[in-house]
Amino acid sequence: MQKLLISACLVGEKCNYKGQGKYCPKIEELREHYDLVLFCPEMEGGLKCPRNPSEIKGDQVIMKDGTIVTRQFELGANKALALCKYLGITKAVLKENSPSCGTHRIHNGYFMDRLIAGMGVTAKLLKSKGIEVYSEDEIDKLIPKKSKEKSTE
């Protein structure tokens, strides 16, 4: 079975900045077709849980309290890439809006709860190295059509 990297929070792991998971029910369909490899780049980069929220501003990732955590985000991204290379993973489902995992949208860098077009540190690195990145909103693109047809019958 093909391996798929997935943001650990999407399967309910309590690893987001609030110390919570962001369980996505569509993950269960993915389990039928992929061997899921759970990964949280922020935790793997050395950040604690819970932690202050972080946002990307320019070339830096900054916590709400002003702490610069770019190094930790880059470390987590590089570990995700190394894991993908080691296991032969070519696709990833990542948590949208995250400064690590956002695939299409991230917060604007001013802690105003506003989203802008952009990619998180891990999503950007993986995509630049040829890994296909999807958000939890795009899981249907990864489910073979025959399975979708069966579920609508």
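We use all heavy atoms of the structure for the numbers below, so side chains are in, but hydrogens, waters and symmetry mates are not.
For the pairing with E42, the salt bridge (Lys or Arg N to Asp or Glu O under 4.0 Å) check across R51, K18, K95 returns one residue only, R51. If you run side chain to side chain contact (heavy atoms under 4.5 Å, CB included) between C24 and each of I6, V93, L10, only L10 comes through.
Interatomic distance, OG of S135 versus NE2 of H104, reported as 5.0 Å (0.5 Å rounding). Note that NE2 of H107 and OG of S54 are 11.0 Å apart. Values are rounded to the nearest 0.5 Å. Atom CD1 in I68 sits 12.0 Å away from atom CE in M63 (nearest 0.5 Å).
Taking 4.5 Å as the limit, some side-chain heavy atom of I139 sits within range of a side-chain heavy atom of L30. With a 4.5 Å cut-off on side-chain heavy atoms, E96 and T103 count as touching. Within the 4.5 Å cutoff, side-chain heavy atoms of C49 are placed close to those of M43. Using a 4.5 Å cut-off on side-chain heavy atoms (C-beta onward), K91 and L5 make no contact. For the pair P144 and H33, the minimum side-chain heavy-atom distance is below 4.5 Å. Between V121 and P41 the shortest side-chain heavy-atom distance does not fall below 4.5 Å.
L38 and A8 make their closest contact through CB-CB, 4.2 Å (heavy atoms, listed as atom of the first residue, atom of the second, distance). Contact record, C84 with I131: CB-CD1, 3.8 Å, taken as the closest heavy-atom pair. Taking all atoms of both residues into account, the shortest heavy-atom contact from S128 to L125 is OG-O, 2.7 Å.
No more than 12 heavy atoms of other residues, nucleotides or ligands sit less than 6.0 Å from atom CG of D113.
Cluster annotation: V61 is connected to L47 through the hydrophobic network of ILVMFWY side chains, with a link wherever side-chain heavy atoms come within less than 4.5 Å. Linking Ile, Leu, Val, Met, Phe, Trp and Tyr residues whenever their side-chain heavy atoms come within less than 4.5 Å leaves Y23 and Y17 in two separate clusters. A continuous path of ILVMFWY side-chain contacts below 4.5 Å connects L142 to I27, so both sit in one hydrophobic cluster. Grouping the Ile, Leu, Val, Met, Phe, Trp and Tyr side chains by contacts below 4.5 angstrom, directly or via other members, places I143 with V11. Taken together through direct or relayed side-chain contacts under 4.5 Å among Ile, Leu, Val, Met, Phe, Trp and Tyr, I106 and F111 form parts of separate hydrophobic clusters.
A search for salt bridge (Lys or Arg N to Asp or Glu O under 4.0 Å) contacts involving E132 returns nothing, not counting sequence neighbours. Legend: residues meeting salt bridge (Lys or Arg N to Asp or Glu O under 4.0 Å) with R71, ordered by chain and number and at least two apart, are absent.
Using modelled atom types and a 3.5 Å distance limit, the side chains of T90 and Q2 yield a donor-acceptor pair.
At a threshold of 4.0 Å, the pair K22-E136 does not count as salt-bridged, since none of the basic side-chain nitrogens sits closer than that to a carboxylate oxygen.
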Point to revise | Audit row: N52, T67, side-chain contact (heavy atoms from CB on, under 4.5 Å) steps and yes/no | key: CA-CA 9 Å; N52 281 316; T67 304; 5.8 Å; no

Exercise for review: Assess whether side-chain contact (heavy atoms from CB on, under 4.5 Å) is satisfied between E44 and T122, documenting all intermediate values.
Suggested key: CA-CA 11 Å; E44 292 296 325; T122 298; over 6 Å; no

